Amino acid sequence: AQEDDILELDELWSFVHFLKNKRWIWIVLCRRTRQIIAFVIGDAAQKLARNFAPAYRRCHSFSDFWDAYEKVFPEETHRSVGKESGQTNHVERWNCTLRQKVARFVRKTLSFSKADYMHHIVTRWFIVEYNLQIMAAACI
């Protein structure tokens with residue numbers, strides 16, 4: 001983490017086995033590197049705040065207006081903004097990439113996870129592969 005890093009936070013939902021079994025995926029993206037620095041599958045942004053490296057905790061962050069973010073992230077460094085501000089464009093775009101590349105994240109799909117652990121494994125695998133591609137592209 002660098003002092004001037006900016007974090008973008010967002011969430012998206014998917015499901016496991018049945019559409020009514022929603023799973024929320026909370027994501028933190030570093031704007032400078034375009035890498036996912038933390039993610040959590042679950043119901044609370046509190047887990048997300050605990051999951052990313054302490055070096056990133058002092059960075060400024062932006063999210064949408066969900067109350068969960070305001071309760072967890074410090075007021076001094078966090079701002080809730082609307083989509084029209086453009087402050088969460090990169091993480092919103094990443095969500096679209098995830099939905100296009102991994103069939104189980106499409107809202108109406110025949111491909112879905114049948115177990116929570118598989119849902120987590122597939123999500124983690126995609127994030128690791130994505131981060132490695134971003135890192136490789138930066139080295140060229």
Side-chain angles (χ1 to χ4, degrees):
Q2 295 180 359
E3 264 188 59
D4 60 343
D5 277 346
I6 296 174
L7 307 178
E8 298 180 21
L9 299 91
D10 201 23
E11 71 289 326
L12 70 146
W13 68 269
S14 62
F15 63 94
V16 174
H17 204 62
F18 298 105
L19 193 57
K20 67 180 180 176
N21 292 335
K22 286 187 180 179
R23 299 296 183 264
W24 286 94
I25 296 124
W26 303 80
I27 298 161
V28 179
L29 180 136
C30 176
R31 190 180 290 174
R32 177 180 54 85
T33 63
R34 300 291 198 270
Q35 290 185 317
I36 303 301
I37 61 162
F39 83 99
V40 168
I41 298 176
D43 293 332
Q46 293 168 342
K47 290 180 192 175
L48 182 65
R50 289 191 304 258
N51 264 1
F52 61 91
Y56 284 104
R57 293 181 199 273
R58 68 178 185 275
C59 296
H60 287 278
S61 60
F62 295 95
S63 70
D64 51 20
F65 289 104
W66 274 46
D67 291 339
Y69 294 120
E70 292 175 9
K71 292 176 184 173
V72 174
F73 292 93
E75 196 174 305
E76 305 83 46
T77 58
H78 182 73
R79 298 287 173 261
S80 295
V81 296
K83 292 186 192 295
E84 70 281 350
S85 72
Q87 296 294 344
T88 58
N89 281 356
H90 302 101
V91 73
E92 295 282 353
R93 177 67 201 122
W94 189 86
N95 288 345
C96 292
T97 299
L98 177 66
R99 289 198 188 279
Q100 288 180 353
K101 302 272 183 174
V102 183
R104 64 188 74 211
F105 285 98
V106 177
R107 289 184 179 116
K108 294 182 179 181
T109 184
L110 297 176
S111 174
F112 56 88
S113 298
K114 294 179 183 166
D116 281 316
Y117 73 91
M118 284 305 294
H119 197 65
H120 193 273
I121 287 170
V122 169
T123 305
R124 180 179 291 269
W125 172 78
F126 180 78
I127 289 171
V128 169
E129 287 289 320
Y130 173 83
N131 283 346
L132 288 172
Q133 288 175 2
I134 295 293
M135 204 165 61
C139 293
I140 293 177

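Since the model is a prediction, treat every value here as computed from it, not as a measurement. Quick note: residue numbers are just sequence positions, from 1.
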Sorted by chain and residue number, the salt bridge (Lys or Arg N to Asp or Glu O under 4.0 Å) partners of Arg32 (sequence neighbours excluded) come out as Asp5
Residues at least two apart in sequence or cross-chain that pass side chain to side chain donor-acceptor pair (under 3.5 Å) with Glu70, listed by chain then number, are Ser80
* To do: Please examine the side chains of Thr123 and Phe39, heavy atoms only from C-beta on, and report whether any two atoms are closer than 4.5 Å.
  => yes
Is the shortest side-chain heavy-atom distance between Val81 and Asp64 below 4.5 Å? no
Smallest heavy-atom separation, Cys59 atom then Gln2 atom, equals SG-O, 3.8 Å
Trp66-Phe62 co-clustered via ILVMFWY side chain contacts under 4.5 Å
no
Result for side chain to side chain contact (heavy atoms under 4.5 Å, CB included) between Leu7 and one of Ile37, Val91, Leu29 points to Ile37
Note: Glu11 and Asn95 closest approach over all heavy atoms is O-ND2, 3.9 Å
Query raised in the report: Would you say the side-chain atoms of Arg79 pair up with the backbone N or O of Glu75, donor to acceptor, closer than 3.5 Å?
Result: yes
**OP:** On the 0 to 90° scale, with breaks at 30° and 60°, tag the Trp94-Phe126 ring pair as parallel, tilted or perpendicular.
**Re:** tilted
| request: May I ask you to check whether Tyr69 and Trp26 place their ring centers less than 6.0 Å from one another? | output: yes
State yes or no: are the ring centers of Phe73 and His60 separated by less than 6.0 Å?
-> no
Are side-chain heavy atoms of Ile36 and Val28 found at a separation under 4.5 Å?
no
Taken in chain and number order and not counting sequence neighbours, the residues that satisfy ring-ring contact (aromatic ring centres under 6.0 Å, His included) with Trp125 are none
side-chain hydrogen bond (donor to acceptor under 3.5 Å, both in side chains) pairs touching residues 81-91, sequence neighbours excluded, are Glu8-His90, Arg31-Gln87, Arg34-His90, Lys83-Glu92
